[in-house]
Participant: 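One structure, as structure tokens, below. Some questions next.
A, B, ... follow the sequence lines: proteins, then strands. Residue 1 opens every chain.
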Amino acid sequence: MDKTFQPADIETRWYQQWESSGYFQPQGGDNAFSIMIPPPNVTGSLHMGHGFQEAIMDALIRYHRMRGDNTLWQPGTDHAGIATQMVVERQLEAQGLTRHDLGRDKFIEKVWEWKEQSGGQITQQLRRLGASPDWSRERFTMDEGLSKAVQEVFIRLYREGLIYRGKRLVNWDPALHTAVSDLEVLSEEEQGSLWHFRYPLASGDGHLTVATTRPETMLGDTAVAVHPEDERYAHLVGQAIALPLTGREIPIIADDYVDREFGTGCVKITPAHDFNDYEMGKRHNLPMINILDDNAALNDEVPEAYRGLDRFEARKQVVADLDALGLLDRIEPHTLKVPRGDRSGVVIEPYLTDQWYVDAKTLAKPAIEAVENGDIQFVPKQWENTYYAWMRDIQDWCISRQLWWGHRIPAWYDEAGNIYVGENEAAVRAEHNLGADITLRQDEDVLDTWFSSALWTFSTLGWPEETPELATFHPSSVLVTGFDIIFFWVARMIMMTLHFRREVPFHTVYVHGLVRDAEGQKMSKSKGNVLDPIDLIDGIDLEALVTKRTAGMMQPQLAAKIEKATRKQFPEGIAAYGTDALRFTYYSLASTGRDIRFDIGRIEGFRNFCNKIWNAARYVLMNCEGQDCDQNGDGEVELSLADRWIIGQLQQTEAAVAKAVEAYRFDHASQALYEFIWNQYCDWYLELSKPVLWDDEASEAAKRGTRRTLIRVLEAALRLLHPFMPFITEEVWQAVAPLAGKSGATIMLQPYPIGEGESVDSAANADIEWLKGVIVGLRNIRGEMNIPPGKALTALLKNGGESDKSRLEQNATALKKLARLDDIRFVADGEEAPVAATALVGDLEILVPMADLIDKDAELKRLAKEIEKLEKELSRIEGKLNNAAFVDKAPDAVVAKEREKQQAQQMALGKLREQEQRIAQM
RNA sequence: AGGACUAUAGCUCAGUUGGUUAGAGCGCUACCUUGACAUGGUAGAGGUCCCCAGUUCGAAUCUGGGUAGUCCUACCA
């Protein structure tokens, strides 16, 4: 074995072996455990959020697989309608082509080609993380089977009246030429202006002043509204405005939506281009004048001068023209929220079009109940409130998209505009008796990608067929996801699954935080602060990292800034930490918070932890290989105190890990493992094993017992750790297992260690605690008095009871070795104890004679520090005990505990003071 | 505007039903190449648990009110 752990050597090798051996497939078992992967975008590449999420799912999956559950992790990707279409369109653009040059069929062919060539990137990257989904069952939302499910769902919902087509105001993306749902619109505050215009009354008798952030929309105004109780304008309600530039007259109406306090208290109403105005337009039966075309340029509804102008051009023109007419009152700077498409980044327009909708309100009702009655539980629980808040105020879901890439809507229209929904044109014709003389054309639109994702838990298992997989693995056990897609995906899955399966899609939703950089900033390409998990695994040099982060930047000055920050933050680039260290870092950060700040210091610590494990294994193997470790369980074996102690500690760790995993507290699980392996097994147990193995006097049974414990505890610890660190555990386990009497092709399919409380030997625990106390006391003297570590000391013990004597007897060898003593013994009866540096373990005094030391002042200083600490603590305790109310009202056990503490501290204090005096008199 | 979350060591974070000497990792200081490991060992320093009030014998923990930050939802033209 190498002296240091080299992750790169083993990761690929083991992964290939696992996958090709079929270990990721369900292995049978009575309890089914299944997780459906939140399908990553097929155009995507792995980011830290994926890494975190996959690490958690994989830990759960490996844990349950080892516990003997029939475990399925269903992988796959979604077709990401807009994103994928954009990618391929950009490629065409490079050749000077648009998708229209190719035509629909040819274009879709191109997309499929792209998918075959480049769509597998993210699944390859998932493999690097050690993820163990059943790749043989990988699905894609555009697969034939899933497409069939989508079609079936659409048709059935349509027939049930839960899908309808309607002309509504939608969020229109003028760059992508499609409607998007409100979730795909991001509103950010931006600096804009508030233009105040004077609208002349039709009577010629004065004017009203209205304010707007979008002047061009005035061409589509169909009313001006005031508050019904606003005396300033009450007399004008019912009169008309002569709308400038248009020659139209529009009414002045009263509606309590108007805020009297804001601006002038008069609002121009443009029902076809504003969501609030749309509602008001419906209330007052106002005409809706659509003034835009698909590009958000002005259409023929506006006066000739403005036709064909882009909306922002038109804005300038309208302002200029109103100004020229003397109707521009003033312009104020104004901060407003501007809605932008999350894909295109352009300003979204409310736009009147025909679209398909899902009646979400009806579907939401059972979905709310499923959470209320506990069929679905969120972890952490507070996310249920977020879910309720959204679901109780849900709007109908616009599911049609004006794209080519996606599931085409199975609806046909005849010339009269009648709608026929069905599997295909022939089926529609047959069902409705439509002869060949009737021309049908299919709806051009496709469905929102989330529509197919909403079916994911059951469509991937073969629905609408009633497959054995559906029966076994649905509902799935747990959904692991970020809170950012509770609405997008989680809620919609629950609605769809309940409707079509009459069961929940999953029993638990584990909602994790979002990975941010060390400053708490969201990682984003434009900020240049993204970390690629693969770079953390393999490492990357500074130049390559800078190049990667600044590639394809739109703004060069941003690139310079990013380069500077990157050089500052990673002057050496990023080291190769390996997958196991990366995964363990994720777990250590997986607490209940909403933000996960990824600090590079953490991963380095866990790389060191891997190295620690590696070297502990090296030590164990060096001492066990070729030796009798009681592999067959037939030798005479004597277990030492340390053996019994570490076995008990292992049991407790096993229980703690299981508890943590069941509660989704991966931070606790990782902490417990780290603590056990490093601070107990390596720091103490391995050290305690040395005196036995290297002692010629020790019996063969004792040595065999120690070797057996060394190897078996390590073997179990590896299994315990495997779900979190799959690679190093597999590699080490292969060498360790045979010596522990275990066999198997892989650690992956070994039973998971289950802690049993009974195996904890409390007597051994107490003895080892005593031993540690004595050693720590001696080390403290050594450290604080600057005694060279190499110098052997003589230690004397004083004042102890019978148990101290027997403990010394049992542990003398270990003590000498670990505290570097050439002798340790009790002060004989009647013997005058020499002046000495002192440490206390309970009643027991540990003396290091001053003859061995040089520095009297150092010992006085050390004692003074100890005494001060004790005095402070003692006065605190006494303050408590002198408080009658405390003694009266606190539970007896608590009071008794304080009294015990008081006594112990008093005694210790007395001894230390005595020591202080003796040394001072030297 | 409404709601949620967060505030603990220089940094990143744990801290169960109120009773701990408030912990871990990283970083920091000193010493140490002792036969698994310098990606290491030993010892140590470092905290007004955001602030104020309250409940209680007792509050990092519970209640109320602030302050700061993050996010979500809804938006006033």
Participant: Give me the distance, rounded to whole Å, that separates rA59(B) from rG10(B) when you measure between the P atoms they each carry.
Facilitator: 24 Å
Participant: Calculate the interatomic distance between Glu866(A) atom CD and rA45(B) atom P; express it in whole Å.
Facilitator: 9 Å
Participant: Check whether any side-chain N or O of Arg782(A) sits under 4.0 Å from OP1 or OP2 of rU42(B), and answer yes or no.
Facilitator: no
Participant: Under 3.5 Å for both donor-acceptor distances, Watson-Crick or wobble: does rU16(B) have a partner, and if so which one?
Facilitator: none
Participant: Write down the distance separating the P atoms in rU61(B) and rA9(B), rounded off to the nearest Å.
Facilitator: 15 Å
Participant: What integer number of Å spans the P atoms of rA53(B) and rA45(B)?
Facilitator: 32 Å
Participant: Less than 5.5 Å between centroids and less than 30° between ring planes, does Trp694(A) satisfy that with rG35(B)?
Facilitator: yes
Participant: Can you tell me if the side-chain N/O atoms of Asn385(A) get under 4.0 Å from OP1 or OP2 in rG3(B)?
Facilitator: no
Participant: More than 12 non-hydrogen atoms from neighbouring residues, nucleotides or ligands closer than 6.0 Å to CD on Gln6(A), yes or no?
Facilitator: yes
Participant: Is the phosphate of rG41(B) approached by Lys612(A) (side-chain N or O, under 4.0 Å from OP1 or OP2)?
Facilitator: yes
Participant: Just how far, in rounded Å, is C1' of rA74(B) from NZ of Lys337(A)?
Facilitator: 9 Å
Participant: Is it the case that Lys690(A) places NZ or CZ above or below the six-membered ring of Tyr619(A), under 6.0 angstrom from the centre and within 45 degrees of the axis?
Facilitator: yes
Participant: May I ask you to say whether Glu900(A) pairs ionically with Lys897(A), meaning some side-chain N is under 4.0 Å from a carboxylate O?
Facilitator: no
Participant: Of all the nucleotides listed (rC13(B), rU73(B), rC5(B)), which has the minimum atom distance to the side chain of Arg597(A)?
Facilitator: rC13(B)
Participant: Which comes earlier along RNA chain B counting from the 5' end, the contact point of Asn611(A) or that of Ala885(A), where each point is its nearest nucleotide?
Facilitator: Asn611(A)
Participant: Under 3.5 Å, is there any donor-acceptor pair linking the side chain of Arg779(A) to the base of rU42(B)?
Facilitator: no
Participant: Indicate whether OP1 or OP2 belonging to rA38(B) is found under 4.0 Å from a side-chain N or O atom of Lys3(A).
Facilitator: yes
Participant: Is rA1(B) paired to anything, Watson-Crick or G-U wobble with both distances less than 3.5 Å, and if yes, which nucleotide?
Facilitator: rU73(B)
Participant: If you look at every strand shown and take non-hydrogen atoms under 4.0 Å, does Ala389(A) touch a base, only sugar-phosphate, or nothing?
Facilitator: nothing
Participant: Answer with base, sugar-phosphate or nothing: what part of the nucleic acid does Pro788(A) contact at a heavy-atom distance below 4.0 Å?
Facilitator: nothing
Participant: Considering Watson-Crick and G-U wobble pairs with both distances under 3.5 Å, what does rG25(B) pair with?
Facilitator: rC11(B)
Participant: Between rU39(B) and rG35(B), how far apart are the P atoms? Round to whole Å, please.
Facilitator: 16 Å
Participant: Tell me the partner of rU42(B), counting only Watson-Crick (N1-N3 plus N6-O4 or O6-N4) or G-U wobble (N1-O2 and O6-N3) with both under 3.5 Å; none if nothing fits.
Facilitator: rA30(B)
Participant: Hey, are Asp595(A) and Arg516(A) close enough for a salt bridge, meaning a charged N less than 4.0 Å from a carboxylate O?
Facilitator: yes
Participant: Classify the angle between the aromatic ring planes of His512(A) and Phe52(A) as parallel (below 30°), tilted (30 to 60°) or perpendicular (above 60°).
Facilitator: perpendicular
Participant: Tyr681(A) has an atom OH; how far is it from atom C1' of rC37(B), in whole Å?
Facilitator: 14 Å
Participant: What does rU6(B) pair with, Watson-Crick or G-U, if both distances are under 3.5 Å?
Facilitator: rA68(B)
Participant: For the pair made of CG in Leu514(A) and C1' in rA4(B), what is the distance, rounded to whole Å?
Facilitator: 15 Å
Participant: When the C1' atoms of rA38(B) and rU33(B) are compared, how many Å lie between them, rounded to an integer?
Facilitator: 8 Å
Participant: Considering just the side-chain nitrogens and oxygens of His668(A), establish if one lies under 4.0 Å of OP1 or OP2 belonging to rU16(B).
Facilitator: no
Participant: Would you say rG44(B) has OP1 or OP2 under 4.0 Å from some side-chain N or O of Asn780(A)?
Facilitator: yes
Participant: Grab the CZ-C1' distance between Phe487(A) and rC71(B) for me, whole Å please.
Facilitator: 11 Å
Participant: Any idea which of rC13(B), rA36(B), rG41(B) is nearest the Asp683(A) side chain?
Facilitator: rG41(B)
Participant: Hey, which of these two, Asp182(A) or Asp599(A), hits RNA chain B nearer its 5' end, going by closest nucleotide?
Facilitator: Asp599(A)
Participant: Check the distance between rG58(B)'s P and Lys880(A)'s NZ and give it to me in whole angstrom.
Facilitator: 11 Å
Participant: From the options rU16(B), rG19(B), rU20(B), select the nucleotide whose nearest atom is closest to the side chain of Lys901(A).
Facilitator: rU20(B)
Participant: Taking the P atom of each, how far is rU67(B) from rC51(B), in whole Å?
Facilitator: 15 Å
Participant: With sugar-phosphate meaning primed atoms plus P, OP1 and OP2, does Cys682(A) contact a base, only sugar-phosphate, or nothing at under 4.0 Å between heavy atoms?
Facilitator: base
Participant: Which of these passes ring pair (Phe, Tyr, Trp, His ring centres under 6.0 Å) with Tyr674(A): Phe606(A), Tyr587(A), Phe584(A)?
Facilitator: Phe606(A)
Participant: Whole angstrom is fine here: how far is it from CG in Leu714(A) over to P in rA36(B)?
Facilitator: 15 Å
Participant: Tell me what His196(A) touches on the nucleic acid: a base, only sugar-phosphate, or nothing, going by heavy atoms under 4.0 Å.
Facilitator: nothing
Participant: In whole Å, what separates the P atom of rG19(B) from that of rC62(B)?
Facilitator: 11 Å
Participant: Give Asp888(A) one of three labels, base, sugar-phosphate or nothing, depending on what nucleic acid heavy atoms sit under 4.0 Å from its own.
Facilitator: nothing
Participant: Over all strands shown, is Asn623(A) touching base, sugar-phosphate only, or nothing at heavy-atom distances under 4.0 angstrom?
Facilitator: nothing
Participant: Applying the Watson-Crick and G-U wobble criteria at under 3.5 Å, what pairs with rU55(B)? Answer none if nothing qualifies.
Facilitator: none
Participant: Arg618(A) has a side chain; which of rU21(B), rU34(B), rA36(B) sits nearest to it?
Facilitator: rA36(B)
Participant: Can you tell me if CG on Asp822(A) sees more than 12 non-hydrogen neighbours from other groups inside 6.0 Å?
Facilitator: yes
Participant: Please classify the nucleic acid contact of Trp678(A) as base, sugar-phosphate, or nothing, using heavy-atom distances under 4.0 Å.
Facilitator: sugar-phosphate
Participant: Going by modelled atom types, is there a donor-acceptor pair between the base of rA36(B) and the side chain of Glu687(A) at under 3.5 Å?
Facilitator: yes
Participant: Could you state the atom-to-atom distance from NZ of Lys865(A) to P of rU21(B) in whole Å?
Facilitator: 19 Å
Participant: When rounded to the nearest Å, what value does the distance between P atoms of rU42(B) and rG47(B) take?
Facilitator: 24 Å
Participant: With a 3.5 Å cut-off and sequence neighbours excluded, list the donor-acceptor pairs that the side chains of residues 771-783 of chain A form with protein atoms.
Facilitator:
residue: Asn780(A); atom: OD1; partner: Arg862(A); partner atom: NH1; Å: 2.9
residue: Arg782(A); atom: NH1; partner: Pro788(A); partner atom: O; Å: 3.0
residue: Arg782(A); atom: NH1; partner: Pro789(A); partner atom: O; Å: 3.4
residue: Arg782(A); atom: NH1; partner: Lys791(A); partner atom: O; Å: 2.7
residue: Arg782(A); atom: NH2; partner: Lys791(A); partner atom: O; Å: 3.1
residue: Arg782(A); atom: NH2; partner: Ala819(A); partner atom: O; Å: 3.1
residue: Arg782(A); atom: NH2; partner: Arg820(A); partner atom: O; Å: 2.9

Participant: Can you identify which nucleotide, out of rC71(B), rU20(B), rA36(B), has its nearest atom closest to the Arg516(A) side chain?
Facilitator: rC71(B)
Participant: CG/Leu739(A) to SG/Cys624(A) distance, rounded to the nearest 0.5 angstrom?
Facilitator: 6.5 Å
Participant: Ignoring the backbone of Arg665(A), work out which of rG15(B), rG40(B), rA77(B) is nearest its side chain.
Facilitator: rG15(B)
Participant: Establish whether the base of rU34(B) is bridged to the side chain of Arg820(A) by a donor-acceptor pair shorter than 3.5 Å.
Facilitator: yes
Participant: By the 4.0 Å heavy-atom rule, please label Tyr674(A) as base, sugar-phosphate, or nothing.
Facilitator: sugar-phosphate
